[in-house]
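None of the values given here were measured: they were computed from a predicted structure. Each ligand, and each atom within it, is numbered from 1 in the order the structure gives.
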Amino acid sequence: MADNGKKIYVLHIVGARPNFMKAAPVMRALARYPELSQKLVHTGQHYDANMSEIFFRQLGLPAPDFNLEVGSGSHAWQTAQIMMRFEEIVLQERPNLVLVYGDVNSTVAAALVCAKLGIPVGHVEAGLRSFDRTMPEEINRLITDQIADLLFTPSQDGNDNLIGEGVAPEKIHLVGNVMIDTLVHLLPSVNGRCRQELHLEPKKFALVTLHRPSNVDDRERFAAILKTLDTISRNLTCVFPVHPRTRARLQEWDLAIPDESRLRLLEPLGYLDFLGLMQEAALVITDSGGIQEETTFLGIPCLTLRKNTERPITVGVGTNILVGEDLEHLENETQAILNGTGKTGGVPPLWDGKAGERIAEIVCEYL
Ligand code: UD1
């Protein structure tokens, strides 16, 4: 309890799809402390039912106490709108601590509001760096980590990066990976239903996701990737749940898929269906951050269509391979996996399903 007898109040803020699976285990762990109360803010950065609602349901997240209903816009517009609307909530609610997650625009916007109002901020998934400042997420990470009061890192490289940037060591806590908490928690509920509905055999398909501006916002690049995926799909059916940003580009540029029975485009999937497909895929081709981690945990080969990663441990320890911009490399690595000579990997330390509990302990001690 706080000195005035009121419960200590933690406010969580989420906005985009990858935030939801990170907040769920922390909220669950904090709920075990009777001296704490907590509320949830959704910025509305992601608003489609299949990008947001379904995750709340499947992850057991409570309905948000506040929805800022920001929606899409330019980075400046979106960040500013979140800041203006979130400031009102913070002034009204006066939480003892605000927890922000990951590296999306909602993360940095909320952290800035709190830093200016003198409200302590905790950053879950701190310290990750791609060292590529053309990525919007890298800017969000750098700024959030400079102004946060508690930094929860998933792996030792996060600690090293923060120390290198001059963050005080006492603010940094190596807790493990909250995304893996959710995976461990929900794995027993995952089944092959989605795969069966798609008439796919286990290990006889590749799962594909693409949404990074560097891959889908350049017409030539995106068209070249689709051509390579079409070639790969001659040997291995590719299943591709399409992110709204990616769908918009496909439509805008009228990019044709030569044979949709081999390269199968789907609407974005819910968490459980996606995990079900990932678990039974022969390999995953992606540019997502979280999927690099989930495949490492599950031991599924992952080919990442990026030049760099803020999650180097998935390459050093796990099953991830950075194929960069070289699409021939993508084809060759796919073939190696199909030939049984693909990369294998292990699970990084502290990716054990208990990161949320470690965060809750540290938060309670801090407050
Ligand atoms: C955001 C994050 C990215 C994360 C990704 C996961 C930032 C800078 N980027 O990228 O780090 O990996 O989420 O999905 O925060 N749209 C819809 N419906 C939605 C949401 C988006 O149609 O529910 C469309 C809109 O056209 C929008 C576009 O997708 O303009 C991009 O959405 P936005 O939230 O700006 O970025 P993401 O690409 O989703």
> Could you tell me the separation between the CD atom of Glu280 and the NZ atom of Lys203, rounded to the nearest 0.5 Å?
7.5 Å

> Any idea which protein heavy atom is nearest atom 22 (O) of ligand 1, and the distance to it?
Pro244 CB, 3.2 Å

> Apply the ring-ring contact (aromatic ring centres under 6.0 Å, His included) test between His42 and each candidate in Phe66, Tyr47, Phe86, Phe20; give the one that qualifies.
Phe20

> If you measure only the distance, is there a donor-acceptor pair under 3.5 Å linking the side chains of Asn161 and Glu165?
no

> Which ligand 1 atoms are under 4.0 Å away from a heavy-atom of Pro18?
6 (C)

> Is there at least one pair of N or O atoms, one from His75 and one from ligand 1, spaced under 3.5 Å apart?
no

> Would you mind checking which non-hydrogen protein atom is closest to atom 34 (O) of ligand 1, with the distance to 0.1 Å?
Gln45 NE2, 3.2 Å

> Report yes if some N/O of Asn140 lies less than 3.5 Å from some N/O of ligand 1; otherwise report no.
no

> Which option out of Ser72, Gly289, Ser288 puts a heavy atom nearest to atom 25 (C) of ligand 1?
Ser72

> Keeping the roles fixed (side chain from Ser52, backbone from Ala49), state whether a donor-acceptor pair exists under 3.5 Å.
no

> Does the Arg306 side chain pair with the main chain of Asn308, one donor and one acceptor, at a distance under 3.5 Å?
yes

> Suppose I only count heavy atoms of His211 and a 4.0 Å limit; which atoms of ligand 1 are within that range?
4 (C), 5 (C), 6 (C), 12 (O)

> Indicate whether the side chain of Ser261 and that of Asp259 have a donor and an acceptor atom separated by less than 3.5 Å.
yes

> For atom 32 (O) of ligand 1, grab the closest protein heavy atom and report residue, atom and distance to one decimal in Å.
His46 NE2, 4.3 Å

> Taking Asp103 for its side chain and Asn140 for its backbone only, find out whether a donor-acceptor pair lies under 3.5 Å.
no

> What residue and heavy atom of the protein are closest to atom 2 (C) of ligand 1, and at what distance?
Val104 CG1, 3.6 Å

> Short list, please: which atoms of ligand 1 are under 4.0 Å from a heavy atom of Arg245?
29 (O), 38 (O)

> What's the shortest distance from atom 8 (C) of ligand 1 to any protein heavy atom, and which residue and atom give it?
Asn105 OD1, 3.3 Å

> Do you see a donor-acceptor pair shorter than 3.5 Å between the side chains of Gln45 and Asn105?
no

> Applying a 4.0 Å heavy-atom criterion (strictly less than), which segment of Glu137 is in contact with ligand 1: side chain, backbone, both, or neither?
side chain

